[in-house]
Amino acid sequence: MTRPLVPADFEGDSHVVAHALIGCTLLVDGVGGRIVETEAYDRYDPASHTFSGLTPRNASMFGPPGRAYVYRSYGIHWCLNFVCREEGHGAGVLIRAIEPTHGLDTMRERRGVHDARLLCSGPGRVGQALGITHDLNGHRLDRKPFKVLAAAHAVHVVEGPRIGITKAIDVPWRFGEAGSKFVSRKF
DNA sequence: ACAAAGATGTACT
DNA sequence: GTACATCTTTGTC
């Protein structure tokens with residue numbers, strides 16, 4: 001009962017897209033699981049990489065929606081965003097946590113830990129577990145190696161303030177599945 | 001050319 | 001709870 005998401009699903013407000021992505025399935029080369037935590041970053045958000053306009057790093061967020069924006073975090077981690085578009089402006093949704101369902105052994109090997117809760121509970125961990133690299137920046141989400149499937153059934157979504165930022169910390173633009181054991185932090 | 005901060009994770013006390 | 005790795009991007013001089 002699930003359908004693959006297409007670029008049209010990423011047209012619109014980043015907050016709406018971030019909310020709608022909870023419960024969807026994300027696979028990279030068949031490895032991944034259910035998205036249980038996201039954050040929205042819109043064009044006029046001081047905490048967004050797009051706030052100061054187009055730069056070489058954030059260029060993919062100014063391109064077509066339904067693609068990946070991959071950036072290096074703290075010089076160590078690769079973090080994955082889904083590009084969306086609201087009123088012609090670039091915006092992004094950070095994938096913060098996944099409930100592992102496919103390719104657990106591959107993820108354990110990449111992460112070096114066994115506990116399923118520690119495989120994908122955080123944006124840097126998601127990047128490592130799914131094998132995300134800079135090669136995938138700007139890549140379409142409806143083409144290999146990506147696979148993004150709509151949620152099989154309705155999900156109870158909760159929201160709260162975003163994590164790890166110093167600007168606009170008051171807005172509740174972090175979304176997660178209620179009661180999930182696989183989020184990076186409790187809501 | 002230079003400096004500072006960063007959408008984090010891990011190890012250690 | 002605190003410290004620190006690690007390096008790219010961006011703004012400033």
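Owing to the predicted nature of the structure, the values given are computational and were not obtained by experimental measurement. Below, chains carry the letters A, B, ... as their sequence lines are ordered, and counting in each starts from 1.
For the pair A:R125 and B:dT10, the criterion of a side-chain N or O lying under 4.0 Å from OP1 or OP2 is met. For B:dA7, one of the phosphate oxygens OP1 or OP2 lies less than 4.0 angstrom from a side-chain nitrogen or oxygen of A:H49.
In this pair, A:H139 and A:F146 present their aromatic rings tilted. The plane angle is within the 30 to 60° band. The aromatic rings of A:F10 and A:F82 sit perpendicular, their planes meeting at an angle over 60°, well past the 30° parallel limit.
As a whole-Å value, the separation of A:N137 CG from C:dT8 C1' is 13 Å. In this entry the distance linking CZ of A:F51 with C1' of C:dT9 reads 17 Å, nearest Å. Rounded to whole angstrom, the span from the CD1 atom of A:I132 across to the C1' atom of B:dA7 amounts to 16 Å. When the P atom of B:dT8 is taken as reference, atom CZ of A:R111 falls 15 Å away, rounded to whole Å.
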* Where does DNA chain C pair, written as one dot-bracket string 5' to 3', with Watson-Crick or G-U pairs under 3.5 Å, ( ) inside the strand, [ ] for crossing pairs and | for another strand? -> |||||.||||||.
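Here A:S52 lies in heavy-atom contact (under 4.0 Å) with sugar-phosphate atoms only. Base engagement by A:L94 is indicated by at least one non-hydrogen atom pair under 4.0 Å involving a base atom.
Within the 4.5 Å cutoff, side-chain heavy atoms of A:R108 are placed close to those of A:D105.
If you check the side chains of A:S121 and A:R125, you find a donor sitting under 3.5 Å from an acceptor. Under the 3.5 Å distance criterion, with hydrogens and angles disregarded, a donor-acceptor pair is assigned to the side chains of A:S184 and A:E37. No side-chain donor from either of A:D42 and A:S14 sits under 3.5 Å from a side-chain acceptor of the other. Checking A:R110 against A:Q128 by side-chain atom types alone, no donor-acceptor pair falls below 3.5 Å.
Taking the centre and axis of the six-membered ring of A:F182, the NZ or CZ atom of A:R34 falls outside the cone set by 45° and 6.0 Å.
Of the residues in residues 55-78 of chain A, those lying under 4.0 Å from DNA chain B by heavy-atom distance are A:M61, A:Y71, A:S73, A:Y74, A:G75, A:H77.
With distances taken from any side-chain atom of A:T166 to the nucleotides B:dT10, B:dG6, B:dA7, the minimum falls on B:dG6. Across B:dT8, B:dG6, C:dG11, the shortest atom-to-atom separation from the side chain of A:R96 is found for B:dT8.
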* How far apart are the C-alpha atoms of A:R174 and A:R185, what are their side-chain angles, what is the distance that settles it, and do they pass the side-chain contact (heavy atoms from CB on, under 4.5 Å) test? -> CA-CA 11 Å; A:R174 172 174 176 245; A:R185 278 159 61 169; 3.9 Å; yes
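Summary of the strand contacts: A:K167 and A:V113 both lie near DNA chain B, and taking for each the nucleotide with the nearest heavy atom, the more 5' one is attributed to A:K167.
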